[in-house]
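Just below is one structure, and these are the notes that go with it.
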Amino acid sequence: MQNAKLKNYLHLHVLVFIAGFTAILGQLITIDAIPLVWYRMLFALVFMALYIMFSKARIRISIRSILKLSFAGIIIALHWITFFASIKESNVSIALAMFSTGAFFASLIEPLIYKRRIIWYEIIFGIIVIIGVYIITQSELEYLLGIVLGIISAFLSSFFAVLNGKFLEQHTATVISFYEFISGVAFISLYLLFSNSGFNTDFFILHVSDIVYLLILASVCTAYAFIASVYVMRYISPYTVVLTYNLEPVYGIILAIIIFPEKENMSFNFYVGAIIVISVVMLNGILKNSKKLKRNPA
């Protein structure tokens, strides 16, 4: 049992590292946020459909369940749009740092969805994470739009993660991901159809580099990571998943410094804020594990 738990925690950290690399791809891809997310979800949906076909996974569910998953699919589409827009309006560091505020939102949303009492230390941890983010970004307030978009993205991501934790009580990760991506693609497609700068000739003209990056983004960073992260939530609470994902800024910003040294610059404030975020993640794990050991002593 302990080995299985450790395996899932390690798996979660691999997924967080992949999430950090997602921001790097968002910077490398030259197209705007909305078409970027449309291509990402469409390509990922194709990869998922191939997986379902070869694995012969059962995906038939009720109309009511499809509608619920469709709502969540729209939420994740909006999360990704605001996330990549935050990168475009500021940089990788700002977008990823703002993502850390998701822990605070999760501590408020999860009790509403699961109908449980708010745990006092989750609120405190969420506030501490926000303080860490503030320390990281206090010298970057000129990127106000990017900061606002990043915070909206964090809220949507937390809402989405908690919803998926609830859906896992009835459906598999594959089923959840498949229907959510269908609705996400459909939602963005409808928006593009009715917008002035929607599906035009330029929309379908992509640089070779963009195609390669989009395929990596759709396969490794989306199809695999998405199904795997939903699966992990069978064994780890949504709040812990969201809080652990606060390591995404650390991984992502370190990668950004290496890949974009001229665009990204880690200040002393970053190290202070990063230590705060990492400490909260570790303390959360210690508290949760100690409570489980008290309830289930060896």
Side-chain angles (χ1 to χ4, degrees), residues 18-19 21-53 66-67 69-96 98-99 143-157 159-160 177-227 252 256 259-260 263:
I18 291 174
F21 189 70
T22 297
I24 303 299
L25 291 172
Q27 185 76 281
L28 291 171
I29 296 170
T30 61
I31 59 178
D32 292 335
I34 293 177
L36 190 161
V37 176
W38 186 83
Y39 277 111
R40 177 187 189 178
M41 297 191 82
L42 180 64
F43 289 173
L45 182 60
V46 172
F47 286 121
M48 287 182 186
L50 291 173
Y51 169 76
I52 290 169
M53 182 175 66
I66 290 175
L67 291 175
L69 294 177
S70 296
F71 172 72
I74 294 172
I75 297 299
I76 193 61
L78 291 172
H79 154 61
W80 279 332
I81 289 171
T82 50
F83 178 72
F84 287 116
S86 177
I87 293 175
K88 303 291 184 183
E89 292 293 335
S90 53
N91 55 37
V92 172
S93 299
I94 293 295
L96 288 176
M98 291 305 102
F99 187 80
Y143 297 118
L144 181 60
L145 180 56
I147 289 172
V148 172
L149 287 168
I151 292 173
I152 293 172
S153 177
F155 169 77
L156 293 171
S157 176
F159 187 27
F160 168 76
S177 304
F178 181 70
Y179 286 105
E180 286 177 345
F181 273 54
I182 288 177
S183 67
V185 172
F187 170 72
I188 300 174
S189 297
L190 286 173
Y191 169 80
L192 291 170
L193 283 172
F194 291 100
S195 66
N196 295 328
S197 58
F199 291 120
N200 52 36
T201 304
D202 292 337
F203 184 91
F204 296 102
I205 298 176
L206 298 173
H207 296 296
V208 174
S209 60
D210 283 341
I211 294 174
V212 173
Y213 293 142
L214 281 167
L215 287 173
I216 296 173
L217 180 64
S219 58
V220 178
C221 301
T222 307
Y224 161 71
F226 198 83
I227 292 176
I259 299 172
F260 311 114
K263 293 182 179 179

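Residues take their numbers from the sequence shown, with the count starting at 1.
Note that OG1 of T30 and NZ of K88 are 6.5 Å apart. Values are rounded to the nearest 0.5 Å. We find the CG-CG distance between D210 and L215 to be 11.0 Å, quoted to the nearest 0.5 Å. Rounded to the nearest 0.5 Å, atoms CZ (F47) and OH (Y51) are 15.0 Å apart. Remark: I152 CD1 to S157 OG distance equals 13.5 Å, nearest 0.5 Å. Atom CG of L50 is separated from atom CG of L45 by 9.5 Å, given to the nearest 0.5 angstrom. Here F155 contributes atom CZ and T82 contributes atom OG1; the two are 11.0 Å apart, rounded to the nearest 0.5 Å.
The two atoms that bring L214 and R40 nearest to each other are CD2-N, 4.4 Å, heavy atoms only. When all heavy atoms of A95 and S90 are compared, the pair lying nearest together is N-OG, 4.3 Å. Here the closest non-hydrogen pair linking A77 and V37 is O-CG1, 4.0 Å. Among all heavy-atom pairs drawn from A44 and T222, the shortest one is CB-CG2, 3.5 Å. The two residues I94 and N91 have their closest heavy-atom pair at N-OD1, 2.8 Å. The two residues G73 and M41 have their closest heavy-atom pair at O-CE, 4.3 Å.
Screening F187, F43, W80 against F181 for a ring pair (Phe, Tyr, Trp, His ring centres under 6.0 Å) leaves a single residue, W80. When each of V212, I24, L217 is paired with I29, the side-chain contact (heavy atoms from CB on, under 4.5 Å) condition holds for L217 and for no other.
Counting only distance, with no hydrogens or angles, the side chain of D32 and the backbone of I34 share no donor-acceptor pair below 3.5 Å. Here the side chain of S153 pairs no donor or acceptor atom with the backbone of L149 at under 3.5 angstrom. Judged by distance alone, with hydrogens and angles left aside, the side-chain atoms of S195 form a donor-acceptor pair with the main-chain N or O of L192 at under 3.5 Å.
Contact of the S70 side chain with the I66 side chain is registered, since non-hydrogen atoms from C-beta on lie closer than 4.5 Å. Contact check for F83 versus L96: side-chain heavy atoms found under the 4.5 Å cut-off. Using a 4.5 Å heavy-atom threshold, the side chains of I18 and Y224 count as touching. Counting only heavy atoms from C-beta outward, the side chains of F199 and S189 approach each other to under 4.5 Å.
Within 6.0 Å of CZ in F194 there are 12 or fewer heavy atoms belonging to other residues, nucleotides or ligands. Within 6.0 Å of OH on Y191 lie no more than 12 heavy atoms contributed by other residues, nucleotides or ligands.
The aromatic rings of Y39 and F203 lie parallel to each other, with less than 30° between the two planes, well short of the 60° mark.
Taking the ring centroids of W38 and F84, they lie at or beyond the 6.0 Å cut-off.
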